[in-house]
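Written out below as structure tokens is the structure these notes cover.
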Amino acid sequence: MQRTKRLQCVTPSVSATLSTQAKEMKSSGIDVCIFSVGEPDFDTPVHIKQAAKQALDRGKTKYSPPAGHPRFRELIADKLRRENQLAYQAENIIVTNGGKQSLFNLILALIEAGDEVIIPSPYWTSYPEIVKLANGISVIISTQAENDYKITAQQLQKAISSQTKLLILNSPGNPTGNVYSEAEIRSLAEVVLEHNLFVVSDEIYEKIIYKGATHLSIGAVNQEMLHHTAVSGGLSKSHAMTGWRLGYIAAPIPVIQDMIAIQSHSTSGVCTFAQYGGIAALEGSQDCVSQMLEAYTERRQYVLKTLATISNLDCSSPQGAFYVFIDISQTGLTSVEFANALLTEQKVAVVPGAAYGVDNCIRLSYATNLDSLKKGLDRLANFRALLN
Ligand code: PLP
């Protein structure tokens, strides 16, 4: 059977494919250091698992409302009001099967054939693919390491055309760990309002932010901006719940209603007992989140200190998330050649920057324990030395 036109231009997720390959190597007994996976290595906190188990025992096994469990929606709105100064109510929230489905539903709801979506590069690998599936056109803005891979208001101005509908903003960002400052967010918001655009602010890494950086949601700039914003968040990264598939979008009610319509005909909603785990995650103590952040902080320091000793592999200091984006230009290899050779020769899995639109870099995830980081970075140093 012939593939549909829609799928002919879609590329499967490189990071997901690579991570599966690395995990398969590991389960066949090969000692691989896996730095390709974008997920916390921590187990989900016990009180969250307990709540889901209890929900199962209490028979919470039926369909959930397509928009999500009412209590969960309330708690998400409450968190966004309290922590992010975003004036949302439960009706502004839809619970989804993870941040990825949030973005998929949102883009499907907002984008028509020929609409342009502005995406700063390097970008999270799924953004342009989702835009293609919605028949939209991605307009990529390239950024520079010298500006911490952030776009400026001037660059945004220049990228806007009469077809522009949406800007995708991701801070803290994957793959670079960059965090937009308050001043930067405010100047981008001015341009967005001037051109009557809509923004989706992907804040999935909002809880993983290091000393010195602060997170401002663009929707909190002012009331008008809130009407031009959808905030995408979830529990995958903050509470080590990647496999639970719990995400959400907060947006103006008409957008949420369109997303509910899509969800009601696709997944019907989110796993009911998993949502009880989500409720416990938001109602319970947030100490688990700070403990994980402490561990990431220590690993980040170790990775940056060690990379500084490996010649000709530069990287900027991430202010959030758990990735370093390493410049490999001086090796003369493409990112795919570098990542393949590193995996084959040294058994270290990283993601080629090509997956994020930048072919002279690789992404290394430090969401793994220090022992593995020590071993893997030694191997990376050996690999780099042998290239000379
Ligand atoms: N947005 C970004 C920037 C991500 O890195 C990811 C996951 O890696 C997601 C969204 C999707 O998260 P989830 O696992 O909740 O679908």
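Numbering of ligands and ligand atoms starts at 1, following listing order.
Summarising the geometry, atom CG belonging to Leu75 is positioned 11.0 Å from atom CG belonging to Leu80; distances are rounded to the nearest 0.5 Å.
Phe42 pairs by the ring-ring contact (aromatic ring centres under 6.0 Å, His included) definition with Tyr296, not counting sequence neighbours.
Between the Asn97 side chain and the Val270 main chain, no donor and acceptor come within less than 3.5 Å of each other.
Heavy atoms only, all atoms of each residue included: Gln223 and His227 are closest at O-CD2, 3.2 Å.
Identified under the ring pair (Phe, Tyr, Trp, His ring centres under 6.0 Å) test for residues 68-107, with sequence neighbours left out: His69-Tyr276. Sorted by first then second residue, the salt bridge (Lys or Arg N to Asp or Glu O under 4.0 Å) pairs that include residues 100-110, not counting sequence neighbours, number zero.
Protein residues are said to neighbour a ligand when one of their heavy atoms lies under 4.0 Å from it; for ligand 1 these are Gly98, Gly99, Lys100, Trp124, Tyr127, Asn170, Asn174, Asp202, Ile204, Tyr205, Ser236, Lys237, Arg245.
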